[in-house]
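Okay, so here's the structure we're looking at.
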Amino acid sequence: MTPLETLRAALVALTEKTYHYTAPPNETPPYLIWAEDSRNDFEAGGRHCEKAWQGTIDLYTVDEADPLTGQVEAALDGLPCCAWYINSTQYEEDTGLIHHEWVWTVA
């Protein structure tokens, strides 16, 4: 499995409401969205010796104590060759949802 497939599998194991890039219209929270948005490869000798993908995971929920928050972090901790940090937690007034965002890198 590629690192991106491993990441996806770890998130789907947490909830079937896991989507790549965007959720279906009118999805009921909680749900996860993940997306890769850049690469941070290790280069040597003019070659990409090790490929590393970077992206985000977004949790949308109405529960400020949603157990998925800790489960996402535990899943990321369990992935081989994964670094991550929580980028933000915010309340979105227009939707009434709490939005947690993690930034991850997998190699």
Side-chain angles (χ1 to χ4, degrees):
M1 240 192 297
T2 70
L4 292 178
E5 291 169 335
T6 302
L7 173 67
R8 180 192 175 282
L11 296 175
V12 169
L14 301 178
T15 177
E16 62 186 33
K17 291 180 169 187
T18 298
Y19 306 101
H20 196 210
Y21 298 119
T22 188
N26 302 314
E27 179 60 274
T28 305
Y31 57 88
L32 297 172
I33 298 174
W34 72 280
E36 66 280 15
D37 55 29
S38 63
R39 291 225 331 232
N40 188 15
D41 295 355
F42 174 71
E43 297 178 42
R47 297 177 7 158
H48 292 256
C49 297
E50 186 70 40
K51 294 180 172 80
W53 289 264
Q54 188 172 53
T56 56
I57 297 167
D58 300 275
L59 167 61
Y60 294 91
T61 183
V62 294
D63 180 3
E64 70 180 84
D66 195 312
L68 269 175
T69 305
Q71 292 169 359
V72 166
E73 294 179 3
L76 291 171
D77 282 341
L79 292 176
C81 300
C82 179
W84 63 272
Y85 63 91
I86 184 120
N87 192 49
S88 69
T89 298
Q90 48 201 298
Y91 178 73
E92 298 188 357
E93 291 185 25
D94 57 330
T95 62
L97 296 177
I98 299 166
H99 174 193
H100 301 280
E101 180 187 51
W102 294 266
V103 174
W104 51 265
T105 301
V106 293

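Computed from heavy atoms alone, side chains included, the values below leave out hydrogens, waters and symmetry copies.
The distance from atom CG of Asn40 to atom CH2 of Trp53, rounded to the nearest 0.5 Å, is 12.0 Å. We find the CG-CD1 distance between Leu32 and Ile57 to be 7.5 Å, quoted to the nearest 0.5 Å. Taking CD from Glu64 and OH from Tyr91, the interatomic distance works out to 11.0 Å, rounded to the nearest 0.5 Å.
The environment of Asp94 atom CG is dense: over 12 non-hydrogen atoms of other residues, nucleotides or ligands sit within 6.0 angstrom. The local environment of CD in Glu92 is crowded, with over 12 non-hydrogen atoms from other residues, nucleotides or ligands closer than 6.0 Å.
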Throw together a table of side-chain donor-acceptor distances under 3.5 angstrom for residues 77-88, partners on residues two or more places apart or in other chains.
from, atom 1, to, atom 2, distance (Å)
Asp77, OD1, Trp84, NE1, 2.9
Asn87, ND2, Glu101, OE1, 2.6
Ser88, OG, Gln90, NE2, 2.9

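No donor-acceptor distance shorter than 3.5 angstrom exists from the side chain of Lys17 to the backbone of Ala23, with no hydrogens or angles considered. No donor-acceptor pair closer than 3.5 Å links the side chain of Thr61 to the backbone N or O of Asp66. Side chain of Glu5 to main chain of Thr2: a donor-acceptor pair is present (N/O by atom type, distance under 3.5 Å, no hydrogens or angles).
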- request: List the steps, then state whether side chain to side chain contact (heavy atoms under 4.5 Å, CB included) holds for Arg39 with Lys51.
  value: CA-CA 7 Å; Arg39 291 225 331 232; Lys51 294 180 172 80; 3.3 Å; yes
query: Yes or no on side chain to side chain contact (heavy atoms under 4.5 Å, CB included) for Ile98 and Leu59, after CA distance, side-chain angles and deciding distance?
result: CA-CA 8 Å; Ile98 299 166; Leu59 167 61; over 6 Å; no
query: side chain to side chain contact (heavy atoms under 4.5 Å, CB included) between Val72 and Trp104: does it pass, once the steps are laid out?
result: CA-CA 11 Å; Val72 166; Trp104 51 265; over 6 Å; no
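Using a 4.5 Å cut-off between side-chain heavy atoms of Ile, Leu, Val, Met, Phe, Trp and Tyr, with links allowed through other members, Trp34 and Val103 fall into different hydrophobic clusters.
Grouped by direct or indirect side-chain proximity (heavy atoms under 4.5 Å, Ile/Leu/Val/Met/Phe/Trp/Tyr only), Leu97 sits with Tyr19, Tyr31, Ile33, Tyr60, Val62.
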